[in-house]
Protein chains: 2
Amino acid sequence: MSIRNPKQALYEQFAIVAKAFGHPLRLEMIEHLAQGARSVEALAAKLGQPVANISQHLQALRRAGIVSAERDGKFVHYSLADASVLSAVAAVRGLAERQLAEVDRIVRGYFDARDDMRPVTRDELQTLMRDGLVTLIDVRPPDEFALGHVPGAINVPLGEIKTWSADAAPDREVVAYCRGPWCVMSFEAVAALRSLGYSARRLEDGLPEWKAAGLPVEMAA
Amino acid sequence: MSIRNPKQALYEQFAIVAKAFGHPLRLEMIEHLAQGARSVEALAAKLGQPVANISQHLQALRRAGIVSAERDGKFVHYSLADASVLSAVAAVRGLAERQLAEVDRIVRGYFDARDDMRPVTRDELQTLMRDGLVTLIDVRPPDEFALGHVPGAINVPLGEIKTWSADAAPDREVVAYCRGPWCVMSFEAVAALRSLGYSARRLEDGLPEWKAAGLPVEMAA
DNA sequence: CTGTCATTCAATTATTCTATTGAATGACGA
DNA sequence: TCGTCATTCAATAGAATAATTGAATGACAG
């Protein structure tokens with residue numbers, strides 16, 4: 001198909017970008033890169049995929065201008081190229097949530113069972129934190145926590161929930177968050193805490209959305 | 001690939017939606033559907049494509065929840081399912097415009113040559129129209145104009161620019177708009193008017209964006 | 001210069017997507 | 001009921017994409 005007119009040429013470019021979003025693994029990669037820059041190997045480890053596979057998907061994302069690469073010694077660190085990557089993903093996600101019955105089914109079948117209370121919004125959380133009413137836990141792995149987290153949050157990776165809760169005040173509400181709106185770890189954390197008798201809720205979405213909303217982020221531990 | 005966890009199942013759904021955006025023809029179909037509902041045959045005629053091909057692409061879009069179908073006698077009218085379809089396209093377009101060198105090249109090679117002045121923003125246009133300083137022309141075909149246009153606009157399809165301009169006031173500035181930000185017809189109209197000695201500019205984007213901004217739309221002719 | 005390690009490339013196979021063709025469906029009017 | 005017309009389905013061939021494997025690159029340490 002030869003390029004007959006410039007509009008078609010432009011739409012071919014736009015299609016390259018949209019197509020790059022059109023693979024579940026690449027969407028998951030974007031969720032991880034939204035936490036901060038990652039090397040190919042680190043991403044591959046997080047996703048449990050062969051390095052070469054991740055490398056190829058990263059290059060598809062780079063050709064589409066979704067991620068950018070920066071060489072640092074023998075590592076190449078990839079990160080999101082543009083803040084609007086997250087808004088593009090959010091637009092697609094919103095469309096899917098509103099229009100696809102299958103999404104509704106998945107959400108109802110799995111998530112609702114674990115999160116029958118409505119999630120805490122960012123505004124609510126800020127009020128609750130200011131008044132000192134809740135304990136905020138970040139259930140992501142320590143390396144992601146170290147690269148940035150909500151101020152005042154405590155890092156409690158999913159595997160340590162039980163240990164941690166033994167020492168926590170039993171009558172204080174816990175709010176958990178993780179990588180994004182559909183990150184399963186915060187759902188699991190809330191379910192675990194509730195089964196241990198705690199009052200727990202989920203933040204409506206994750207750190208990248210918090211950052212994108214212009215709210216402050218705390219570094220290091 | 002079996003569904004191991006609900007997050008992957010969700011990402012597969014999101015990928016279906018994103019993938020549906022990932023074809024130049026489907027993006028062009030979305031641009032047309034943004035003007036108003038269309039039958040399969042009408043869309044096929046506008047795009048110069050076989051009906052069966054358009055029908056199949058429409059069903060891909062429908063499976064992705066991007067368009068919805070409504071039967072009316074023997075016709076099936078398709079339209080955009082959700083206002084956020086346009087914002088998803090806009091996010092992808094913005095990303096491509098900012099990140100892909102190829103887009104820059106196409107725009108510079110073709111559009112800049114025909115539009116060396118900055119386009120008129122919607123706000124500017126409203127001021128200019130209120131003060132009666134410009135003539136606004138809608139260069140889309142009459143059927144699209146009839147389904148809704150910017151109040152005060154005159155319908156001057158591309159082929160009639162020359163005839164129309166003969167009767168137009170020669171010292172009055174003309175603003176042209178069409179289907180969207182990269183619709184070539186408004187670029188062509190501005191180029192034609194300038195070559196005829198008129199002062200002409202383009203509106204920054206088209207009718208769907210005007211409507212999406214909550215501004216009034218006039219119906220019929 | 002050589003070995004090591006992160007990343008990329010190249011080649012293969014399996015899968016999915018695209019365009020095209022002609023036949024099937026479903027609604028309308030005679 | 002029958003023919004017509006808009007749309008969809010089904011089947012095909014050709015093209016693009018995905019995952020896997022092993023080899024090649026490029027940077028660092030000794």
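A note on names: the letters A, B, ... follow the listed sequences, proteins ahead of strands, and every chain is numbered from 1.
With A:Lys46 as reference, A:Glu144 is the one residue of A:Glu28, A:Glu144, A:Glu41, A:Glu31 to meet the salt bridge (Lys or Arg N to Asp or Glu O under 4.0 Å) rule.
As rounded to whole Å, 13 Å separates atom C1' of D:dT7 from atom CE of B:Met29. Atom CZ of B:Phe75 is separated from atom P of C:dC28 by 11 Å (rounded to the nearest Å). Distance, B:Gln49 CD to D:dT7 C1': 17 Å, rounded to whole Å. Spacing between atom CZ of A:Arg38 and atom C1' of C:dA6 amounts to 17 Å, rounded to whole angstrom units. Distance NE2 (A:His23) to C1' (C:dC17): 13 Å, rounded to an integer number of Å. Put simply, CD1 on A:Ile54 is 13 Å from C1' on C:dT7, counting in whole angstrom units. Distance A:Leu61 CG to D:dA18 P: 10 Å, rounded to the nearest Å. To the nearest angstrom, C1' of D:dA27 lies 16 Å from CD of A:Glu70.
The side chain of A:Arg26 approaches D:dA18 more closely than any other nucleotide in the set D:dA18, C:dC17, C:dT4. Nearest nucleotide to the B:Lys74 side chain, out of C:dA19, D:dA19, C:dG26: C:dG26. Residue A:Asn53 places its side chain closer to D:dT20 than to any other of C:dC17, D:dT20, C:dT4. Of the candidate nucleotides C:dA6, C:dT20, D:dA19, C:dA6 has the atom nearest to the side chain of A:Glu41.
Between B:Gly22 and B:Gly73, the residue anchored nearer the 5' end of DNA chain C, judged by the nucleotide with its closest heavy atom, is B:Gly22.
Side-chain contact of B:His77 with B:Glu70: a donor-acceptor pair under 3.5 Å is absent, judged by distance alone. When only modelled atom types and interatomic distance are considered, A:Gln35 and A:Arg140 share a side-chain donor-acceptor pair under 3.5 Å. Defined by atom type and a distance below 3.5 Å, a donor-acceptor pair is missing between the side-chain atoms of B:Trp210 and B:Glu204.
Ring pair A:Phe14/A:Tyr11 is perpendicular by interplanar angle, where above 60° counts as perpendicular and below 30° as parallel.
Applying the side-chain hydrogen bond (donor to acceptor under 3.5 Å, both in side chains) criterion to A:Asp104, with sequence neighbours excluded, gives A:Arg108.
Judged by the 6.0 Å and 45° rule, B:Arg202 forms a cation-pi pair with B:Phe187.
Phosphate proximity of C:dC17 to B:His57: absent, as no side-chain N or O sits under 4.0 Å from OP1 or OP2.
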Check: protein-nucleotides 8-10 of chain D nitrogen or oxygen pairs below 3.5 Å:
| from | atom 1 | to | atom 2 | distance (Å) |
| --- | --- | --- | --- | --- |
| D:dT8 | OP1 | B:Tyr78 | OH | 2.6 |
| D:dT8 | OP2 | B:Ser55 | OG | 2.9 |
| D:dC9 | OP2 | B:Gln59 | OE1 | 2.4 |
| D:dA10 | N6 | B:Gln56 | OE1 | 3.3 |

